[in-house]
Peer 1: 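Following this message is one structure expressed as structure tokens.
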Amino acid sequence: QVQLVESGGGLVQAGGSLRVSCAASGRTFDRCAVAWFRQAPGKEREYVAGITWSGLYQDYTASVKGRFTISRENVKNTVYLQMDSLKPEDTAVYYCAADCKPQPYLSYYVARGARDYDYWGQGTQVTVSS
């Protein structure tokens with residue numbers, strides 16, 4: 001089992017920055033790929049970014065590429081999402097999720113479907129005002 005806890009959400013003005021964190025406990029989190037998803041009111045949950053367990057590969061959805069950065073510190077069992085140049089349309093509850101199926105060290109693949117992830121956090125609210 002992996003337990004995930006997000007933190008760092010809040011209210012920020014458009015153009016500002018926030019960093020959300022995903023702290024893990026439980027089994028070997030450092031062998032799990034991790035992704036961030038978000039869900040805005042009335043919309044489906046969508047993939048935002050993902051990182052392989054080695055940290056060698058990061059993946060972003062087109063709408064956040066160049067503005068968001070995903071990273072991880074395995075010694076701290078923590079994954080981060082740095083969000084810069086925030087827009088009102090980034091407003092959502094942000095969830096981290098872990099995919100702990102075996103992957104090679106040099107994997108260059110992160111799943112984008114929510115069904116591929118076995119463990120989820122409770123979410124943290126990010127609100128961007130215009």
Side-chain angles (χ1 to χ4, degrees):
Q1 288 288 333
V2 174
Q3 293 78 42
L4 304 175
V5 178
E6 301 95 335
S7 62
L11 173 64
V12 64
Q13 288 189 332
S17 298
L18 272 178
R19 188 178 78 163
V20 290
S21 302
C22 174
S25 60
R27 58 172 290 183
T28 52
F29 179 73
D30 59 354
R31 289 296 185 267
C32 302
V34 175
W36 287 94
F37 290 78
R38 65 186 180 187
Q39 188 166 20
K43 295 189 176 180
E44 292 187 355
R45 189 170 298 191
E46 66 170 346
Y47 172 86
V48 176
I51 189 167
T52 54
W53 68 263
S54 67
L56 292 178
Y57 177 70
Q58 303 89 44
D59 178 57
Y60 301 92
T61 194
S63 63
V64 307
K65 200 166 188 177
R67 300 189 297 121
F68 290 13
T69 304
I70 189 170
S71 62
R72 66 190 300 161
E73 288 188 84
N74 284 344
V75 293
K76 294 184 178 180
N77 277 355
T78 302
V79 173
Y80 306 98
L81 184 68
Q82 176 68 40
M83 303 181 289
D84 300 319
S85 302
L86 282 161
K87 304 175 181 179
E89 50 264 43
D90 295 317
T91 295
V93 177
Y94 283 71
Y95 299 89
C96 66
D99 172 8
C100 301
K101 294 183 285 296
Q103 290 183 343
Y105 178 75
L106 292 178
S107 174
Y108 291 95
Y109 171 76
V110 177
R112 292 191 168 197
R115 294 180 179 180
D116 292 299
Y117 292 83
D118 302 311
Y119 306 102
W120 291 82
Q122 83 290 346
T124 186
Q125 177 70 47
V126 172
T127 303
V128 185
S129 63
S130 56

Peer 1: Just so I know, are the side chains of I51 and V110 near enough to count as touching, which here means a heavy-atom distance under 4.5 Å?
Peer 2: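 No, their side chains stay 4.5 Å or more apart.
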
Peer 1: Is it true that a side-chain atom of S107 and a backbone atom of P104 form a donor plus acceptor pair closer than 3.5 Å?
Peer 2: no

Peer 1: For V79, run the side-chain contact (heavy atoms from CB on, under 4.5 Å) check against V34, V20, N74 and tell me which one passes.
Peer 2: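 The side-chain contact (heavy atoms from CB on, under 4.5 Å) with V79 is passed solely by V34 among V34, V20, N74.
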
Peer 1: Ignoring hydrogens and angles, state whether a donor on the side chain of Q3 or S25 is under 3.5 Å from an acceptor on the partner side chain.
Peer 2: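 Yes.
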
Peer 1: Going by side-chain heavy atoms closer than 4.5 Å, which hydrophobic residues are tied to L11, directly or by a chain of links?
Peer 2: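 Grouped by the 4.5 Å side-chain rule, L11 forms a cluster of one, so the answer is none.
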
Peer 1: First locate atom OG of S7, then atom CD of Q122, and finally report the distance between them rounded to the nearest 0.5 Å.
Peer 2: 8.5 Å

Peer 1: According to the side chain to side chain donor-acceptor pair (under 3.5 Å) rule, which pairs have a member within residues 9-19, sequence neighbours left out?
Peer 2: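 The answer is S17-D84.
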
Peer 1: Could you list the residues that satisfy salt bridge (charged side-chain N to carboxylate O under 4.0 Å, His left out) with D99, not counting sequence neighbours?
Peer 2: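 If we apply the salt bridge (charged side-chain N to carboxylate O under 4.0 Å, His left out) test to D99, skipping adjacent residues, the hits are K101.
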
Peer 1: Restricting to non-hydrogen atoms, name the atom on F29 and the atom on R72 that form the minimum distance, rounded to 0.1 Å.
Peer 2: O-NH2, 3.2 Å

Peer 1: For T69, is there any backbone N or O sitting under 3.5 Å from a side-chain donor or acceptor partner on Q58?
Peer 2: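 Absent.
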
Peer 1: What distance do Y109 atom OH and D116 atom CG have between them, rounded to the nearest 0.5 Å?
Peer 2: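 CG of D116 is found 5.5 Å from OH of Y109.
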
Peer 1: Mind checking whether V2 and W120 sit in one hydrophobic cluster, side chains of I, L, V, M, F, W, Y counted as touching below 4.5 Å?
Peer 2: no

Peer 1: Can Y108 be reached from Y47 by stepping across I, L, V, M, F, W or Y side chains whose heavy atoms are under 4.5 Å apart?
Peer 2: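 Result: yes, single cluster for both.
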
Peer 1: Is there a chain of hydrophobic side chains (I, L, V, M, F, W, Y, each step under 4.5 Å between heavy atoms) that links L86 to Y60?
Peer 2: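 Yes, one cluster joins them.
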
Peer 1: Tell me whether V12 shares a hydrophobic cluster with V48, the cluster being built from Ile, Leu, Val, Met, Phe, Trp, Tyr side chains joined at under 4.5 Å.
Peer 2: yes

Peer 1: Can you list everything that forms a ring-ring contact (aromatic ring centres under 6.0 Å, His included) with W53? Sequence neighbours excluded, please.
Peer 2: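 For W53 the ring-ring contact (aromatic ring centres under 6.0 Å, His included) partners, ignoring immediate neighbours, are Y105.
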
Peer 1: Distance from E6 atom CD to Y95 atom OH, nearest 0.5 Å?
Peer 2: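 Rounded to the nearest 0.5 Å, the CD-OH separation comes out at 8.5 Å.
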
Peer 1: Considering all heavy atoms of both residues, which atom of L81 and which atom of A49 are nearest to each other, and what is their separation?
Peer 2: CD1-CB, 4.1 Å

Peer 1: Taking all non-hydrogen atoms of both residues into account, name the closest pair between G9 and L18 and its distance.
Peer 2: C-CD1, 4.5 Å

Peer 1: Can you measure from CG (L4) to OG1 (T78) and round to the nearest 0.5 angstrom?
Peer 2: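 Rounded to the nearest 0.5 Å, the CG-OG1 separation comes to 10.5 Å.
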
Peer 1: Can you name the salt bridge (charged side-chain N to carboxylate O under 4.0 Å, His left out) partners of R112, sequence neighbours left out?
Peer 2: D59

Peer 1: For the residue pair F37 and Y117, categorise the inter-ring angle as parallel (less than 30°), tilted (30 to 60°) or perpendicular (more than 60°).
Peer 2: perpendicular

Peer 1: Would you say the side-chain atoms of Q103 pair up with the backbone N or O of C32, donor to acceptor, closer than 3.5 Å?
Peer 2: no

Peer 1: In terms of relative ring orientation, are Y94 and F68 parallel, tilted or perpendicular, with 30° and 60° separating the classes?
Peer 2: tilted

Peer 1: Partners of R67 by salt bridge (charged side-chain N to carboxylate O under 4.0 Å, His left out), sequence neighbours excluded?
Peer 2: D90

Peer 1: In Å and rounded to the nearest 0.5 Å, what is the SG to CD1 distance from C96 to I70?
Peer 2: 9.0 Å

Peer 1: Calculate, to the nearest 0.5 Å, the distance between atoms OG and CZ belonging to S63 and R38 respectively.
Peer 2: 4.5 Å

Peer 1: With a 4.5 Å limit on heavy-atom distance, are the side chains of M83 and W36 in contact?
Peer 2: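 SC-SC contact between M83 and W36 ruled out.
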
